[in-house]
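All chains are named by letter (A, B, ...) in the order of the sequence lines, taking the proteins before the strands, and each is independently numbered beginning at 1. Keep in mind the model is a prediction, meaning the values are calculated, not measured.
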Protein chains: 2
Amino acid sequence: MSAPTAPRVASCAVAVDVALLTVRNDRLQLLLVQPDAAALRGTWALPGRRVRDDEGLDDTAHRSLAELAGITAPEAHLEQLRTYGELTRDPRGRVVSVAYLALTPTPGDPPDTDRAQLFDVARLGTAEGPTLAYDHDRIVPDAIERARSKLEYSALATAFVEEPFTLGELRSIYEAVWGVALDPANFRRKVVSTPGFVEEAEGLAPPGPGGGRPAKRYRRGHARRLHPAMLRP
Amino acid sequence: MSAPTAPRVASCAVAVDVALLTVRNDRLQLLLVQPDAAALRGTWALPGRRVRDDEGLDDTAHRSLAELAGITAPEAHLEQLRTYGELTRDPRGRVVSVAYLALTPTPGDPPDTDRAQLFDVARLGTAEGPTLAYDHDRIVPDAIERARSKLEYSALATAFVEEPFTLGELRSIYEAVWGVALDPANFRRKVVSTPGFVEEAEGLAPPGPGGGRPAKRYRRGHARRLHPAMLRP
DNA sequence: TCCGGTTACAGTCAGCATGACCACAACCCG
DNA sequence: CGGGTTGTGGTCATGCTGACTGTAACCGGA
């Protein structure tokens, strides 16, 4: 944004990488795809595409999810995470990558193919977890920490569940993302006393397989920031 | 980060824009420069440069400050803010800009020239304030809000003052950035009880022109996050 | 039909952090 | 010396939180 007399030369390529998180079976999971490059066989990467000349960054993020994982979730939460511009982050040359964080209740089409898969976040970085390509082992922790952090001071947890939801379901989101157990009674008191977090809906939800009292249904409230915040234990 | 078979073509230009904030005379101020373009006469812009092929993003941020405002402050806090990629944000063509937030106690060389100047943040957006070029009227509010927000949960306020400092100086930073008055006694209790925020230094600071009891000196602590947070009133 | 198990919901209580004050200390200036 | 100013230490009431207890409402099996 300056040097207007500079010639219009190509300085470096721009790409978008998307870290899509979801909660399945009470576990936080991350979407990864297999790179096409033969040299990267056996590794996994975040779905990402080059930015086209006539395309906004958000559009590239949506296109990455659609083309590489078949996910078209227009209601999914999508926000920019950070831009990674290390000189050597891509062996093919200088590529600046704008990373995105995406949250969704259930990826539209279950992407459990051999090209796109959901991985337990708890297993990332361990021997059983996938090996990440490029510098994605730096992007992924940033994305997870952003999600964990934003659960504290924003109503983002509601982006992981479908409406209507119960407070038990919402609590299981917090427990899966944070990896801790929360007291049900205190969680309820906190959520319902935070203005605009959730709104009561009609009817009751049937109990789960183990029985239990039916729970009230709720919908997302209008608040985007939580006051006061829901702090991690 | 994908489509490895795609040719190495120029998709779009990449630039860095820096929003440098400082506190002078108890007022939060922002550094702006005059664009070279004749069509933008009378407007002001964030200092920014194109990213070179062999240059990291952080390096471009430092170079922008040095070349356009003569500021070489290696100890200044510098962090990435967000990347702006709107198709029409630059009339000269598609330019993706990685915005940075910089905080410094005193800009190395006082940049009060006709090309670079500090503006009161309170006046931005008003009739007396400068007219901003490009989409910088979108970047600047994001930068200010980031700074205000990070004062809450990080020890970033210490980046605005030089060591050693008094708690009165640190409090004036909070008051200038947030635009509110804080109770001196409660502020002190909060700061000294937050582990790692500040550490006591040697000696006392002389009182200001109006007199007053000498204040203890402090240095930055080792903590980067504040637990619990210092919330805005 | 009763009974244990499970989940949802409601309430109590102590501890901690906070905001609103008050009091004193230590300097400057006139 | 005495008022003004700033720094520092304290009290007190309030509100949020974690830990905990108790009741409601459902399931499944004996």
Side-chain angles (χ1 to χ4, degrees), chain A residues 25-26 151-153 161 164-176 178 180-219 223 225-233, chain B residues 25-26 151-153 161 164-176 178 180-219 223 225-233:
Chain A
N25 304 116
D26 292 335
L151 286 202
E152 292 192 320
Y153 59 90
V161 292
F165 52 85
T166 70
L167 294 190
E169 291 166 358
L170 189 63
R171 177 170 48 86
S172 74
I173 296 297
Y174 275 91
E175 293 178 332
W178 285 349
V180 298
L182 300 177
D183 182 83
N186 291 339
F187 181 83
R188 147 175 295 278
R189 178 182 60 187
K190 174 69 181 169
V191 169
V192 299
S193 72
T194 301
F197 194 176
V198 296
E199 290 175 359
E200 211 160 331
E202 292 291 316
L204 297 175
R213 173 174 167 177
K216 292 180 189 171
R217 295 181 191 271
Y218 291 85
R219 298 187 178 278
R225 305 267 170 192
L226 302 184
H227 294 292
M230 167 114 50
L231 296 175
R232 279 179 267 193
Chain B
N25 304 115
D26 292 335
L151 286 203
E152 291 192 318
Y153 59 90
V161 292
F165 51 85
T166 70
L167 294 190
E169 292 165 358
L170 188 62
R171 178 169 48 86
S172 73
I173 297 297
Y174 275 92
E175 293 178 331
W178 285 349
V180 297
L182 300 177
D183 181 83
N186 291 338
F187 181 82
R188 147 174 293 278
R189 178 183 60 188
K190 174 67 181 168
V191 169
V192 299
S193 72
T194 301
F197 194 177
V198 296
E199 290 174 0
E200 210 160 332
E202 291 292 316
L204 297 174
R213 173 175 168 176
K216 292 180 188 170
R217 295 181 193 270
Y218 291 87
R219 298 187 178 276
R225 305 269 170 191
L226 302 183
H227 293 291
M230 167 115 49
L231 296 175
R232 278 178 268 194

Of the non-hydrogen atoms in B:Leu226 and B:Glu152, which two are nearest, and what is the gap between them?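 Taking B:Leu226 first and B:Glu152 second, the nearest heavy atoms are CD1-O, 3.9 Å.
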
Need two values: the first and the last nucleotide of DNA chain D, 5' to 3', having an atom under 4.0 Å from any heavy-atom of chain B.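 Endpoints of the contacted stretch of DNA chain D: D:dG4 to D:dT11.
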
[atom2] on [Y] to [atom1] on [X], rounded to 0.5 Å:
X        : Y        : atom1 : atom2 : result
A:Leu167 : A:Glu200 : CG    : CD    : 9.0 Å
A:Arg217 : A:Leu204 : CZ    : CG    : 7.5 Å
A:Trp178 : A:Leu151 : CH2   : CG    : 6.0 Å
A:Leu170 : A:Arg188 : CG    : CZ    : 11.0 Å
B:Leu182 : B:Lys190 : CG    : NZ    : 12.5 Å

Got a list of protein N/O to nucleotides 4-7 of chain C N/O distances below 3.5 Å?
from, atom 1, to, atom 2, distance (Å)
C:dT6, O2, A:Gly212, N, 3.3
C:dT7, O2, A:Arg213, N, 2.9

Between B:Arg219 and B:Val198, does the side-chain contact (heavy atoms from CB on, under 4.5 Å) criterion hold? Intermediate values first, please. CA-CA 6 Å; B:Arg219 298 187 178 276; B:Val198 296; over 6 Å; no

CG of B:Leu226 versus P of C:dT18: gap in Å, rounded?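 After rounding, the gap between these two atoms is 11 Å.
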
Whole angstrom is fine here: how far is it from CG in B:Leu167 over to C1' in C:dA26?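 Rounded to the whole Å, the gap is 16 Å.
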
Name the residue closer to the 5' end of DNA chain C, choosing between B:Pro228 and B:Gly208 according to the nucleotide with the nearest heavy atom.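 Per heavy-atom nearest nucleotide, the more 5' residue is B:Pro228.
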
Starting from the 5' end of DNA chain C, give me the residue, B:Leu204 or B:Ser193, whose nearest nucleotide shows up first.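 Checking each residue's closest nucleotide, the 5'-ward one belongs to B:Ser193.
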
If you pin B:Glu169 and A:Pro207 to their nearest nucleotides in DNA chain D, which one's is more 5'?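 Result: B:Glu169.
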
Give the C-alpha distance, both sets of side-chain angles, the deciding distance and a yes or no for side-chain contact (heavy atoms from CB on, under 4.5 Å) between B:Arg232 and B:Tyr174. CA-CA 9 Å; B:Arg232 278 178 268 194; B:Tyr174 275 92; over 6 Å; no

For B:Phe197, all residues meeting ring-ring contact (aromatic ring centres under 6.0 Å, His included), sequence neighbours excluded: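 Not a single residue meets the ring-ring contact (aromatic ring centres under 6.0 Å, His included) criterion with B:Phe197.
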
List for me each residue that meets ring-ring contact (aromatic ring centres under 6.0 Å, His included) alongside A:Tyr153, sequence neighbours excluded, and say none if there are none.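 Result, ring-ring contact (aromatic ring centres under 6.0 Å, His included) vs A:Tyr153: none returned.
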
With a 4.0 Å cut-off on heavy atoms, is A:Ala229 in touch with a base, just the backbone sugar-phosphate, or nothing at all?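 Sugar-phosphate only.
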
Nucleotides 19-23 of chain C: which of its N/O atoms have a protein N/O under 3.5 Å away?
from, atom 1, to, atom 2, distance (Å)
C:dG19, N7, B:Arg189, NH2, 2.8
C:dG19, O6, B:Arg189, NH1, 3.0
C:dA20, N7, B:Asn186, ND2, 2.9
C:dA20, N6, B:Asn186, OD1, 3.2

Mind checking what makes salt bridge (charged side-chain N to carboxylate O under 4.0 Å, His left out) contact with B:Glu169, not counting sequence neighbours?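 For B:Glu169, no residue satisfies salt bridge (charged side-chain N to carboxylate O under 4.0 Å, His left out) once neighbours in sequence are set aside.
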
